[in-house]
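Here's the structure we're looking at; comments come further down.
Only a predicted model underlies this, so the values are computations on that prediction, with no experimental measurement involved. The figures here come from the full heavy-atom set of this structure, side chains too, leaving out hydrogens, waters and symmetry mates. For this chain, numbers begin at 1 and follow the sequence in order.
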Amino acid sequence: MTQEEPPVYPANMTEQRRSLRVPLIVEKLPCGDGRKTFFGYARNLSPGGLFIATVSPREPGEQFDLQVTLPASARFTLRCRCEVVWKRHFARGGKSEPGMGLRFLDLPRETAEALELWLRRLGSGSLP
């Protein structure tokens with residue numbers, strides 16, 4: 001089994017990010033059995049998507065429903081369909097953690113606006 005090459009990022013990737021990234025718990029929504037399952041940790045969250053740290057990343061192009069448990073200060077739960085944009089495998093001694101980058105596909109406009117406002121407030125320090 002060969003390991004895929006990790007994605008190449010521009011050196012100034014962090015400067016291109018417009019939104020704050022915060023760590024949160026992510027659950028996979030029920031797929032027939034009615035139970036939610038732990039999926040990984042959201043290490044970066046933005047209005048357009050998130051990075052989930054997991055040792056079992058899905059394949060790019062895969063789509064699924066997920067739920068992100070936000071702190072009480074957000075006053076909403078993020079639920080939507082998403083698509084895997086890229087993945088990174090575990091590498092012994094690697095500097096980056098394994099996981100996958102997801103893009104939100106059907107995030108309702110109201111939820112996207114609430115998420116952006118919450119991230120802005122969090123970044124400004126106006127939330128506890």
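Taking SG of C80 as the start and CG of L66 as the end, the distance is 5.0 Å to the nearest 0.5 Å. Here the CD atom belonging to E62 is positioned 8.5 Å from the NZ atom belonging to K87, to the nearest 0.5 angstrom. Note that the CZ atom of R75 and the CG atom of L117 stand 9.5 Å from one another [nearest 0.5 Å].
Looking only at side-chain heavy atoms (C-beta outward), L107 and L78 come within less than 4.5 Å of each other. L102 places none of its side-chain heavy atoms less than 4.5 Å from the side chain of E83. Contact annotation: the side chain of S96 approaches that of R88 to within less than 4.5 Å [non-hydrogen atoms, C-beta and beyond].
Looking at every heavy atom in both residues, P47 comes nearest to L119 through CD-CD1, 3.8 Å. L70 approaches W118 most closely through the heavy-atom pair CD2-CZ3, 4.0 Å. The heavy-atom pair separating P57 from G99 by the smallest distance is CB-O, 3.4 Å. The minimum heavy-atom distance between P98 and F90, with the atom names listed, is CB-N, 3.5 Å.
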Please lay out, stage by stage, how T111 and F104 fare under the test side-chain contact (heavy atoms from CB on, under 4.5 Å).
CA-CA 11 Å; T111 303; F104 299 140; over 6 Å; no
Evaluate side-chain contact (heavy atoms from CB on, under 4.5 Å) for T54 paired with M100, printing each intermediate quantity in order.
CA-CA 7 Å; T54 177; M100 58 189 158; 4.0 Å; yes
List the steps and the verdict of side-chain contact (heavy atoms from CB on, under 4.5 Å) for L45 and F51.
CA-CA 7 Å; L45 174 64; F51 169 73; over 6 Å; no
side-chain contact (heavy atoms from CB on, under 4.5 Å) between V68 and T77, intermediate numbers included:
CA-CA 6 Å; V68 180; T77 298; over 6 Å; no
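Every residue two or more places apart in sequence or in another chain was checked for a side chain to side chain donor-acceptor pair (under 3.5 Å) with Q63, and none qualifies. By the salt bridge (charged side-chain N to carboxylate O under 4.0 Å, His left out) test, R109 pairs with E113, sequence neighbours left out.
Salt bridge status for D106 with R81: absent, with no side-chain N to carboxylate O gap under 4.0 Å.
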